[in-house]
Amino acid sequence: MVKIATWNVNSVKARLPNLLAWLGDAAPDVVLLQEIKCVDDAFPRMEIEDLGYNLAVHGQKTYNGVAILSKGPLDDIRRGLPEGDGDDHARYIEAVASFGDLVLRVASIYLPNGNPVDADPVGSAPFSDKYRFKLAWMDRLRRHAQATLALEEPTVFGGDYNVIPTADDVYAPDAWREDALFRLESREKFRAIIHLGLTDAYRALHPDETRAYTFWDYQAGAWQRDNGLRIDHLLLSPQAADLLTACDIDKAPRGREKASDHTPIWCELQRP
DNA sequence: ATGGTAGCACGGCTA
C-alpha cells in the first residue's frame with residue numbers, strides 16, 4: 001500500500017513544525033507540496049530527509065514553489081509544464097516514485113488562482129491578465145496530462161487546482177459564481193482535464209459527501225464557520241484509479257496553531 | 001464595512 005498526500009503549505013519555512021509533526025502522524029509515502037515560497041537552496045532538506053524522505057524541489061522566491069517528498073526513490077524529475085515560454089512561475093514538478101513493483105508517476109500542481117477576473121477599465125481584453133494566464137495554464141496542463149496518459153502508467157496529478165468543481169464543493173455557491181475559482185471557464189477547463197480519463201479520487205469514493213472542504217480562508221472566521229472550498233484534488237490515471245482503496249481529507253492540520261489555509265488530502269493505492 | 005488574515009519582506013503583492 002502506498003499513501004499519497006497533497007498539501008498547499010503556504011510557506012514551507014513558516015509551516016515547518018506543523019509539516020514535520022504531520023509527516024510523523026500521517027506517515028504518507030508520497031507528499032506533493034505547493035506554495036513552498038522559497039528557492040531550492042532555502043528548502044529545509046535536512047529536517048525532512050531525516051524523516052526518511054527523498055526530495056524533488058522546484059522552488060521560487062516569495063511566491064509559488066512546489067516539491068515532491070517520497071519514501072521511495074525518485075527518478076525522471078521534470079520541472080515546469082511544457083510550453084513554458086515566458087512562464088517564470090514554479091508551479092509544476094513531476095517525478096517517478098518507486099515502491100517495489102508499484103511504480104507511480106506523481107505530479108505536484110499549483111494551478112494559478114486567476115483573481116481578479118475583470119480586466120482593467122482601459123484595454124479591450126475581456127478578462128484580466130491573471131485570469132487569462134490561469135485559463136492558458138489549464139490548457140497547457142490538459143495537453144501535458146493527455147501526453148502523460150498515453151504512457152498508460154499509474155499516475156497521480158495532485159495539488160492545489162484553484163478550481164471548485166461543482167456547487168457541492170463550496171459553502172455558498174452563489175457568492176462564488178464570478179470568482180476565478182468557480183467561474184464557468186475554470187470549471188469547463190477542469191472538466192476537460194477530467195474527461196481525458198482521470199478520476200477525482202475523493203469524489204469517486206465519497207460521491208454524496210457535502211461540506212468536504214480542503215481550504216478555509218484565514219479571514220472572516222471561515223474555519224470556525226466551516227466556510228470552505230474543495231480545491232485541492234488528486235486526479236488519477238485509469239491505471240492508478242484501478243488501485244484506489246481509500247481517500248480522505250485530513251482536517252486536523254487546519255485546526256492547529258500556525259495553520260496553513262489549506263489542509264492535506266490523501267489517497268491509498270494498493271496492488272490487488 | 002471596498003473590510004477581514006497570513007506570508008514574504010519591510011512596501012506592496014498574492015492569495
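First the proteins, then the strands, lettered A, B, ... as listed; each starts at 1. Values below: every heavy atom of this structure, side chains too, minus hydrogens, waters and symmetry copies.
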Could you tell me whether the phosphate oxygens of [N], OP1 or OP2, come under 4.0 Å of any side-chain nitrogen or oxygen in [X]?
X: A:Lys37; N: B:dT14; result: no
X: A:Arg15; N: B:dG7; result: yes
X: A:Arg254; N: B:dA6; result: no
X: A:Thr62; N: B:dA9; result: yes
X: A:Lys130; N: B:dT14; result: yes

Can you measure [X] atom [atom1] to [N] atom [atom2] for me and round it to whole angstrom units?
X: A:Gln34; N: B:dA15; atom1: CD; atom2: P; value: 14 Å
X: A:Glu257; N: B:dT5; atom1: CD; atom2: P; value: 15 Å
X: A:Lys134; N: B:dT14; atom1: NZ; atom2: P; value: 15 Å
X: A:Gln224; N: B:dT5; atom1: CD; atom2: C1'; value: 11 Å
X: A:Asp217; N: B:dA6; atom1: CG; atom2: C1'; value: 9 Å
X: A:Gln60; N: B:dC8; atom1: CD; atom2: C1'; value: 12 Å
X: A:Lys13; N: B:dC8; atom1: NZ; atom2: C1'; value: 9 Å
X: A:Asp129; N: B:dC13; atom1: CG; atom2: P; value: 14 Å

Does a side-chain heavy-atom distance below 4.5 Å link A:Trp266 with A:Pro28? no
State, yes or no, whether a side-chain contact exists between A:Ile109 and A:Asp160 at a heavy-atom distance under 4.5 Å. no
Interatomic distance at [atom1], [N] relative to [M], whole Å:
N: B:dG3; M: B:dG12; atom1: P; value: 15 Å
N: B:dA15; M: B:dA9; atom1: P; value: 15 Å
N: B:dG4; M: B:dT14; atom1: C1'; value: 16 Å

Side-chain donor-acceptor distances from residues 149-159 of chain A under 3.5 Å, at least two apart:
{"from": "A:Glu153", "atom 1": "OE1", "to": "A:Arg105", "atom 2": "NE", "distance (Å)": "2.7"}
{"from": "A:Glu153", "atom 1": "OE1", "to": "A:Arg105", "atom 2": "NH2", "distance (Å)": "3.4"}
{"from": "A:Thr155", "atom 1": "OG1", "to": "A:Glu153", "atom 2": "O", "distance (Å)": "3.2"}

Both A:Asn10 and A:Gly114 contact DNA chain B. Taking the nearest nucleotide for each, which residue is further toward the 5' end? A:Asn10
Mapping A:Tyr218 and A:His89 onto DNA chain B by nearest heavy atom, which one lands closer to the 5' end? A:Tyr218
When all nucleic acid strands are considered with a 4.0 Å heavy-atom cut-off, which category describes A:Phe215: base, sugar-phosphate, or nothing? nothing
What is the nucleic acid contact for A:Arg225, judged by heavy atoms within less than 4.0 Å: base, sugar-phosphate only, or nothing? nothing
A:Glu83, A:Arg91, A:His89 screened by side-chain contact (heavy atoms from CB on, under 4.5 Å) with A:Asp87, the one that passes: A:His89
Would you call A:Arg203-A:Asp168 a salt bridge at under 4.0 Å N-O? no
